[in-house]
Amino acid sequence: MTFSRLPAPAVPPRDLWEGQEQALAGAAEAGRRAAVWVRSLPGPPVPGPVGTRLAGELPDAIETAMSSLDPDDCDHMTADGQALEGAGGVDAETISILAAAPGVLAEADWLSPDQQVRLLAAASAAAGAVRLIAEDPGTAIEHGLLARLCAVLDHAARPDGAA
């Protein structure tokens with residue numbers, strides 16, 4: 001007896017969730033605003049790797065993550081029942097930079113504690129948005145969870161001195 005594996009049935013494209021385009025556009029814009037704020041922070045008194053990460057890599061990672069969110073790159077099961085973890089549309093290097101923010105901030109002693117906390121909040125909000133989209137994009141979009149993280153990102157990236 002010969003067994004042959006049939007190809008998996010084609011999965012029809014899914015419909016957009018209500019408000020998806022606006023939510024993703026809003027996330028991209030929040031990421032751009034946050035990146036501008038991070039780039040505006042003072043640099044270290046002596047140039048070094050921590051300053052390079054904060055001035056270049058971190059704002060680029062925040063902007064890239066928030067503008068690359070892709071609900072189609074979510075956790076799912078393959079046709080043969082294998083669970084695959086989604087990435088939310090964001091590459092591993094970008095996620096790695098966001099995840100490294102707490103360690104880098106510990107060495108950024110030229111920044112005020114307020115600036116450090118806000119940088120941590122911005123990196124965490126961006127990483128959280130990626131996980132929300134990767135794990136449950138429908139809920140993140142339709143129930144406003146992504147919009148709430150964008151509000152956290154905007155609050156963290158407000159101009160210095162603004163409450």
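Along the sequence shown, residues carry numbers from 1.
- Contact detail for Ala34 and Ala157: the closest heavy-atom pair is CA-CB, 3.5 Å.
- The side-chain heavy atoms of Thr94 and Val130, taken from C-beta on, include no pair separated by under 4.5 Å.
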**Message:** Go through it in stages, so that I can follow the logic: the residues are Leu69 and Leu146, the test is side-chain contact (heavy atoms from CB on, under 4.5 Å), and I'd like the CA-CA distance, side-chain angles, deciding distance and then a yes or no.
**Reply:** CA-CA 10 Å; Leu69 296 174; Leu146 179 59; 3.9 Å; yes
**Request:** Given side-chain contact (heavy atoms from CB on, under 4.5 Å), test Asp75 with Arg131 step by step and report yes or no.
**Result:** CA-CA 10 Å; Asp75 297 350; Arg131 285 308 326 144; 3.9 Å; yes
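- Between the side chain of Asp73 and the backbone N or O of Gly86, no donor-acceptor pair lies under 3.5 Å.
- Note: the hydrophobic cluster containing Leu149 does not contain Ile97 (ILVMFWY, side chain heavy atoms under 4.5 Å, direct or indirect links).
- Formation of a donor-acceptor pair under 3.5 Å by the Ser96 side chain with backbone atoms of Ala92 is not found in this model.
- Once rounded to the nearest 0.5 Å, the distance linking CG of Leu132 with NE2 of His143 reads 12.0 Å.
- Ala30 approaches Cys150 most closely through the heavy-atom pair CB-CB, 4.1 Å.
- Here the side chains of Cys74 and Glu135 are not in contact, with every heavy-atom distance at 4.5 Å or above.
- Looking only at distances, a side-chain donor or acceptor of Gln115 sits under 3.5 Å from a matching main-chain atom of Ser112.
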**Asked** Is there a side-chain contact (heavy atoms from CB on, under 4.5 Å) between Val36 and Arg32 once you walk through the steps?
**Response** CA-CA 6 Å; Val36 166; Arg32 281 189 286 280; 5.6 Å; no
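- A salt bridge links Glu63 with Arg39: the distance from a Lys NZ or Arg NE/NH1/NH2 to an Asp or Glu carboxylate oxygen falls below 4.0 Å.
- Side-chain contact check for Pro44 versus Val50: every heavy-atom pair is 4.5 Å or farther apart.
- Residue Ala87 comes nearest to Ala134 through the heavy atom pair C-CB, 4.0 Å, listed as atom of the first residue, atom of the second, then distance.
- Rounded to the nearest 0.5 Å, atoms CD (Glu142) and CD (Gln20) are 9.0 Å apart.
- Environment of CD in Gln22: crowded, with over 12 heavy atoms of neighbouring residues, nucleotides or ligands closer than 6.0 Å.
- Ser40 places a side-chain N or O within 3.5 Å of a backbone atom of Trp37 that can act as its donor or acceptor partner.
- Distance check, rounded to the nearest 0.5 Å: CG of Leu98 to CG of Leu58 gives 6.5 Å.
- Contact annotation: the side chain of Leu153 approaches that of Met66 to within less than 4.5 Å [non-hydrogen atoms, C-beta and beyond].
- By the neighbour-count criterion of 12 heavy atoms within 6.0 Å, atom CD of Glu29 is densely surrounded, having more than that number from other residues, nucleotides or ligands.
- Taking both residues in full, the closest heavy atoms of Ile62 and Ala123 are given as CD1-N, 4.2 Å, listed atom of the first, atom of the second, then distance.
- Here Arg53 contributes atom CZ and Leu105 contributes atom CG; the two are 10.5 Å apart, rounded to the nearest 0.5 Å.
- A side-chain contact (heavy atoms from CB on, under 4.5 Å) with Val38 is found for exactly one of Asp60, Leu54, Leu119, namely Leu119.
- The CH2 atom of Trp110 sits 8.5 Å away from atom CD of Gln116, with the distance rounded to the nearest 0.5 Å.
- Between Asp154 and Arg158 there is no salt bridge, since none of the side-chain N atoms of the basic residue sits less than 4.0 Å from a carboxylate O of the acidic one.
- Rounded to the nearest 0.5 angstrom, Leu24 CG and Ser68 OG are separated by 10.5 Å.
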